[in-house]
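Heads up, the thing below is written out as structure tokens.
Fair warning: this is a prediction, and the values are worked out from it, not measured in the lab. Counting from 1, the numbers follow the sequence of the chain as shown. When reading the values below, keep in mind they use all heavy atoms of this one structure, side chains included, and skip hydrogens, waters and symmetry mates.
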Amino acid sequence: MNKLDMNGRGAIVTGGASGIGYAIAQRLAESGATIAIWDMGKDLDDKVKSLGAGKHIGVKVDVTDYAAVEAAVAKSIAALGKVDAMVNSAGIAGQNAPVADYPLDEWKRVFDINVHGVFHCCRAIVPHMTANNYGRIVNIASVAGKEGNPKASAYSASKAAVIGLTKSLGKELATNRITVNCVTPAAVKTPIFDQVAQFHIDYMLSKIPMARFGLVEEIAAMVSWMCTEDCSFTTGGVFDLSGGRATY
């Protein structure tokens with residue numbers, strides 16, 4: 001594992017108690033950062049302890065509730081001293097169904113978590129980073145947001161929105177030493193697969209030229225570098241992690 005320099009840095013990872021988020025939290029902690037894991041999981045405290053020595057904390061927060069996000073930001077700043085990086089990893093897959101049959105309440109639920117949740121977190125942390133004249137924001141999007149997956153319209157559209165938000169906010173903060181980037185992974189085998197129909201899992205694998213799913217450690221490696229000071233001249237960027245699937 002390449003050594004990254006996150007010594008003395010504080011980082012928030014939403015959805016950080018499982019899957020991609022937990023792998024990112026681990027990699028950042030191993031690189032010297034102090035972590036605030038935001039999650040709704042019952043095993044949050046155990047996951048925080050597993051990060052090892054340090055003043056890491058867990059915060060139970062529903063990212064769809066802006067007041068709760070604001071309170072979580074305040075708690076994280078108080079515990080970490082400052083927040084230098086925020087990784088927005090909390091998200092859901094949503095149901096697999098044709099657009100004509102897609103449940104209206106499910107569409108709203110996917111957007112509430114995948115889009116509004118990311119917006120809430122960015123809106124709440126930007127004033128703190130602006131005051132510090134430094135920050136790194138990384139949003140977890142998806143290759144589905146670039147190409148669209150059939151019978152996954154809510155997920156695809158929500159991740160396209162995350163890409164657009166990333167580009168817009170990156171330009172807004174370009175002179176504040178705050179970079180805002182996103183990654184667009186192809187399918188990665190995590191607990192989110194439990195939410196997805198098998199036919200859709202098979203479809204996603206068939207689209208990857210490397211003929212395998214991504215590893216959470218591979219996502220964590222790229223995202224963690226994007227949280228470092230070295231990622232200083234790229235903002236509003238979209239980084240592919242697709243095993244060759246992405247075509248632009």
Side-chain contact test, heavy atoms from C-beta onward, threshold under 4.5 Å: evaluate it for [X] versus [Y] and give yes or no.
| X | Y | answer |
| --- | --- | --- |
| Asn88 | Ile137 | yes |
| Val138 | Cys182 | no |
| Leu80 | Lys55 | no |
| Val238 | Thr166 | no |
| Lys60 | Leu44 | yes |
| Trp38 | Val61 | yes |
| Val223 | Val87 | yes |
| Thr34 | Arg9 | no |

Point to revise | Verdict with reasoning, Asp62 to Thr64, per side chain to side chain donor-acceptor pair (under 3.5 Å) | key: CA-CA 5 Å; Asp62 178 357; Thr64 69; 2.7 Å; yes

Which atom pair, heavy atoms only, marks the closest approach of [X] to [Y]?
| X | Y | result |
| --- | --- | --- |
| Pro185 | Ala141 | CD-O, 3.5 Å |
| Val216 | Gly19 | CG1-C, 3.9 Å |
| Ser158 | Phe111 | N-CZ, 3.6 Å |
| Cys122 | Asn139 | SG-OD1, 4.1 Å |
| Ala25 | Gly16 | CB-O, 4.3 Å |
| Gly94 | Val110 | CA-CG2, 3.6 Å |

Practice item. Test Asp240 against Thr184 for side chain to side chain donor-acceptor pair (under 3.5 Å), laying out the working first. Key: CA-CA 5 Å; Asp240 285 322; Thr184 52; 2.5 Å; yes

Hydrophobic cluster membership, with links at side-chain heavy-atom distances under 4.5 Å among I/L/V/M/F/W/Y: are [X] and [Y] in one?
| X | Y | result |
| --- | --- | --- |
| Val59 | Ile35 | no |
| Val63 | Val48 | no |
| Met226 | Val126 | no |
| Leu215 | Leu241 | no |
| Ile20 | Met6 | yes |

Under 3.5 Å donor-acceptor, [X] side chain and [Y] backbone:
| X | Y | result |
| --- | --- | --- |
| Ser156 | Ser153 | no |
| Ser224 | Arg27 | no |
| Asn96 | Ala152 | no |
| Asp84 | Gly10 | yes |
| Thr14 | Ser89 | yes |
| Asn132 | Tyr134 | no |
| Asp65 | Ala67 | yes |
| Lys3 | Glu30 | yes |

As an exercise, state the distance from [atom1] of [X] to [atom2] of [Y], rounded to the nearest 0.5 Å.
| X | Y | atom1 | atom2 | result |
| --- | --- | --- | --- | --- |
| Ser18 | Asp43 | OG | CG | 7.5 Å |
| His128 | Met86 | NE2 | CE | 10.0 Å |
| Ser31 | Trp225 | OG | CH2 | 13.5 Å |
| Ile12 | Leu28 | CD1 | CG | 12.0 Å |
| Asn114 | Ile140 | CG | CD1 | 11.5 Å |

Any residue meeting side-chain contact (heavy atoms from CB on, under 4.5 Å) with [X], in chain and number order, not counting sequence neighbours:
| X | result |
| --- | --- |
| Pro103 | Gln95, Asp105, Glu106 |
| Pro98 | Asp101, Lys151 |
| Ser142 | Ala144, Tyr155, Lys159 |
| Met210 | Ile208, Arg212 |

Starting from [X], walk the hydrophobic network (Ile, Leu, Val, Met, Phe, Trp, Tyr; side-chain heavy atoms closer than 4.5 Å) and list everyone else you reach, by chain and number.
| X | result |
| --- | --- |
| Leu165 | Val118, Phe119, Val162 |
| Val99 | none |
| Val143 | none |

Would you mind writing out the side-chain donor-acceptor pairs for residues 168-181 within the sub-3.5 Å range, not counting sequence neighbours?
unit_1, atom_1, unit_2, atom_2, d
Arg177, NH1, Asn133, O, 3.0
Asn181, OD1, Gly236, N, 3.4
Asn181, OD1, Gly237, N, 2.8
Asn181, ND2, Thr234, O, 2.9

Practice item. May I ask you to decide whether Lys47 forms a salt bridge with Asp45, counting only side-chain N to carboxylate O separations under 4.0 Å? Key: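 The answer is no: the pair does not qualify as a salt bridge.
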
Exercise for review: Answer yes or no: is there an ion pair linking Arg245 with Glu147, defined by an N-O contact shorter than 4.0 Å?
Suggested key: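 So Arg245 pairs with Glu147 through a salt bridge.
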
**Study point:** ring-ring contact (aromatic ring centres under 6.0 Å, His included) contacts touching residues 42-72 (sequence neighbours left out)
**Key:**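 Pairs touching residues 42-72 that pass the test: Tyr66-His120.
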
**Study point:** Pairs touching residues 2-30 that satisfy ring-ring contact (aromatic ring centres under 6.0 Å, His included), sequence neighbours left out
**Key:**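 Matches after skipping sequence neighbours: none remain.
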
**Study point:** Sequence-distant partners of Lys75, side chain to side chain donor-acceptor pair (under 3.5 Å), two or more places apart
**Key:**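 By the side chain to side chain donor-acceptor pair (under 3.5 Å) rule, Lys75 matches no residue at all.
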
**Study point:** Phe199 atom CZ: more than 12 heavy-atom contacts under 6.0 Å
**Key:**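 For Phe199, atom CZ is crowded (more than 12 foreign heavy atoms under 6.0 Å).
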
Exercise for review: May I have the step-by-step check of side-chain contact (heavy atoms from CB on, under 4.5 Å) for Met222 and Val183, ending in yes or no?
Suggested key: CA-CA 8 Å; Met222 181 174 284; Val183 293; 4.2 Å; yes

Practice item. Tell me, please, which residues at least two apart from Glu70 pass salt bridge (charged side-chain N to carboxylate O under 4.0 Å, His left out). Key: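 If we apply the salt bridge (charged side-chain N to carboxylate O under 4.0 Å, His left out) test to Glu70, skipping adjacent residues, there are no hits.
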
